[in-house]
2 protein chains.
Amino acid sequence: MTQQLNGRKKKLLELIVNEYVSTAEPVGSRTISRRYPMGVSSATLRNEMADLEELGYLEQPHTSAGRRPTQKGYRYYVDKLLKTSSITEEEEKVIQNSLAKMNEVEHIISVASRVLSQITSYTSLILGPQFKKSAFNQLRILPLDDNKGLVVMITNMGFVKNKVIELPRSLSGAELQQVVQYLNKKMYGLTIDQVTESLIKELKRDLFNRIELLEQAFLLLEESLNEEERARVFLGGTTNILNQPEFKDVNKIKQFLSLFEQEDLLFNLLEGEGDVCESSGDVVVKIGRENPLEEVHECALVTASYMIGNRTIGKVGVLGPTRMDYDRVLAVVRAITIHLNRVLER
Amino acid sequence: MTQQLNGRKKKLLELIVNEYVSTAEPVGSRTISRRYPMGVSSATLRNEMADLEELGYLEQPHTSAGRRPTQKGYRYYVDKLLKTSSITEEEEKVIQNSLAKMNEVEHIISVASRVLSQITSYTSLILGPQFKKSAFNQLRILPLDDNKGLVVMITNMGFVKNKVIELPRSLSGAELQQVVQYLNKKMYGLTIDQVTESLIKELKRDLFNRIELLEQAFLLLEESLNEEERARVFLGGTTNILNQPEFKDVNKIKQFLSLFEQEDLLFNLLEGEGDVCESSGDVVVKIGRENPLEEVHECALVTASYMIGNRTIGKVGVLGPTRMDYDRVLAVVRAITIHLNRVLER
DNA sequence: TTTAGCACTCAATGATTTAGAGTGCTAAAC
DNA sequence: GTTTAGCACTCTAAATCATTGAGTGCTAAA
């Protein structure tokens, strides 16, 4: 389908994309020949542009206007024409400095998200570390006073989850230890994902005679499964899109912004993709309708995974108009991901 | 300054506010006399309206337009004319049902915020429980393995904060217990607010010979002081304002929405006020420029405090245009607060 | 004090015009 | 065969102008 374009057409498409990205105005043959002398006249370019339109890479808003890239045009640009550039040293420094001092994971990520949106001036989304993908390490019950205790669950990735429960007096310390030991043995090494309801039922059965006493301790487990179903999505620069001329219509703005209030959609946006095609663990670009979600049909999404050790635990993304500075965004996303990996390694 | 208005003027102002609130159009004498027959002609109303304008309660966008309430007009309406109504049974049910099942505090509040914005169709803000206002209860160090431990800090309001630290092997279990015991004794009953840097320094001095070993444990304390400086602000319906005709200008939208990305501003908005005047712990209304923050000069903010026990731990608020349905919003905020108090009581 | 009547104001709406950027096509030039 | 100059044509965006109608303020009579 996607034919090979001759050199001049490639160059032309590239110029048009660049020009349109920076001006947001449909670009005409005249503009190109004036601004980027290619040794041919505007008439020639006109012919070439008509060809590119026929091939589906360009479109006209109306007959007597210049042309702008279609989704297919952007796709070709990203796949074939993009030269991987890198970010400026200054930007590099900004990233490094902002992430350097932080300790807490959530904090790091929220800062990363802010930096990402600032540098790109688009909207950033970062899918936080997913508790459920980390492996169970141990469970402790820490007596607080006569009838209260703190259940603490720790995962191999350093997540800690806890809950204050009431401890029936009738339970001796020794018994408690036994139960805890048993649970630890059974669950060690499983990811939280794998602690299914059926496993919990099984555990309960095994501990039949002590169930009621520890009903509340189990609550922690169950809540971990349900409530934390979706990791938090960290947003930055949600209003940046308002600077884009294509979003001057209030209804579009509304549709776009209300997306950010639906964390489940955001989660799917980030998590739902990257399925197979994410070969090298590198950056993925989804343009316009390539994304099933209607709200982003006029947007492009650039994502990458970040990891602790060799395990992917979340995603970094930038969402902007399809008329996006892909070159730059790709570089920034790549850089942020690398820094995030480094910092999270501790 | 604020003179007494005669009965008819009061009634008229009330009608105008109501009418303007529901239509968003400046209301003219004719409209009023047609829609709400008061036994007098439009000419009479015209005179009365001219008076109200002179007194500063009404204004005209331009000479030949109807009139709309000024900030002063709204203030008079809220202070003198508002009849406290209550919410519908259905709304009552919605609130009750949404909040009933939840356990975790954060979750409760985030749901409350969503419900609040849904019912009012304005933007809701809830200032989450403030860790720093709860009192220190105890600190524990829980050994994880040979060289790691989990520091757990628990407050009287059931907040738990923790951090994984490295434990130097050279520290014996008994020594550790001693240190922990000492810290507990020193800090018991203080609010986190009161654990100042100077106190930490003092503690460090007392434990001089063991400082280095526990440097990291102190980190938890220090982070508690700094990072969690501000409690989280939970938002709901941030895009609801886009449905309001007075916010059809993209720049206004931008200014308004970018407020929501600055948590510190939101924090001040909610916390900074309610200072003294909040006599009965009841609902507070701030209209337009009564609020120092420029971004909300065309908005009204309705807030109330919620509490655990008899201690205020956070605030509930609704932010909308000054042309707000005060009657309804006050009722809803009141209701939400009551339910929140009840649910948080556990 | 109230009201009818009337002249006047002004934003909003819609029609009309104009200007300019850009296209497609043709015929000549390379 | 490609490229180019020239030209007629198209269509939007901006500017101008006229119209409409809701609403006011004022005056004089009830």
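The analysis underlying the following values was restricted to heavy atoms, covering all of them including side chains, and did not include hydrogens, waters or symmetry mates. Lettering follows sequence order; numbering is per chain, from 1. Because the structure is predicted, anything quoted here is derived from the model rather than measured.
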Colleague: Is R46(A) near enough to dT2(D) that one of its side-chain N or O atoms lies under 4.0 angstrom from OP1 or OP2?
Modeller: no

Colleague: Rounded to whole Å, please give me the gap between NE2 in H62(A) and P in dT10(D).
Modeller: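 It is 14 Å, rounded to the nearest whole Å.
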
Colleague: Is any side-chain N of the basic residue among K252(A) and E246(A) closer than 4.0 Å to the acidic one's carboxylate O?
Modeller: no

Colleague: Heavy atoms from C-beta onward define the side chain here; which of dG25(D), dT23(C), dT10(D) lies closest to that of R67(A)?
Modeller: dT23(C)

Colleague: Could you tell me which nucleotide pairs with dT20(D) by Watson-Crick or G-U wobble geometry, both distances under 3.5 Å, or answer none if nothing does?
Modeller: dA11(C)

Colleague: What is the separation between atom CZ on R34(A) and atom C1' on dG20(C), rounded to the nearest whole Å?
Modeller: 12 Å

Colleague: Separation of N6(B) atom CG from dT1(C) atom C1', in whole Å?
Modeller: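 Rounding to the nearest Å, CG of N6(B) and C1' of dT1(C) are 13 Å apart.
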
Colleague: Under 4.0 Å: is that the gap between some side-chain N or O of T44(B) and OP1 or OP2 of dT3(C)?
Modeller: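 Answer is yes, contact under 4.0 Å.
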
Colleague: Looking at CD of Q71(A) and CD of E59(A), how far apart are the two atoms once the value is rounded to the nearest 0.5 Å?
Modeller: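 The CD atom of Q71(A) sits 10.0 Å away from the CD atom of E59(A).
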
Colleague: How about Y36(B) and E19(B): does a side-chain donor come under 3.5 Å of a side-chain acceptor?
Modeller: yes

Colleague: Identify whether any heavy atom of S29(B) sits under 4.0 Å from a base atom; if not, whether one sits that close to sugar-phosphate; answer base, sugar-phosphate or nothing.
Modeller: sugar-phosphate

Colleague: Do R68(B) and Q60(B) have side-chain N/O donor and acceptor atoms under 3.5 Å apart?
Modeller: no

Colleague: Starting from C1' on dT12(D), measure out to CD on Q60(A) and report it in whole angstrom.
Modeller: 13 Å

Colleague: Would you kindly compare M49(A) and L45(B) by the position of their nearest DNA chain C nucleotide and give the one closer to the 5′ end?
Modeller: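 That would be L45(B).
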
Colleague: Does S41(A) place a side-chain N or O at less than 4.0 Å from the phosphate oxygens OP1/OP2 of dT4(D)?
Modeller: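 Result: yes.
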
Colleague: Report the residue (A43(A) or P61(B)) whose heavy-atom-nearest nucleotide on DNA chain C is the more 5′ of the two.
Modeller: P61(B)

Colleague: Respond yes when some side-chain nitrogen or oxygen of T31(A) is under 4.0 Å from OP1 or OP2 of dG22(C), and no when none is.
Modeller: yes

Colleague: Which nucleotide in the list dT10(D), dT24(D), dG25(D) gets nearest to the side chain of E53(B)?
Modeller: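 Nucleotide nearest to E53(B)'s side chain: dG25(D).
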
Colleague: Will you find, in the side chains of N240(A) and T123(A), an N or O donor that is under 3.5 Å from an N or O acceptor?
Modeller: no

Colleague: Hey, which sits more toward the 5' end of DNA chain D by its nearest nucleotide, S64(B) or N47(B)?
Modeller: S64(B)

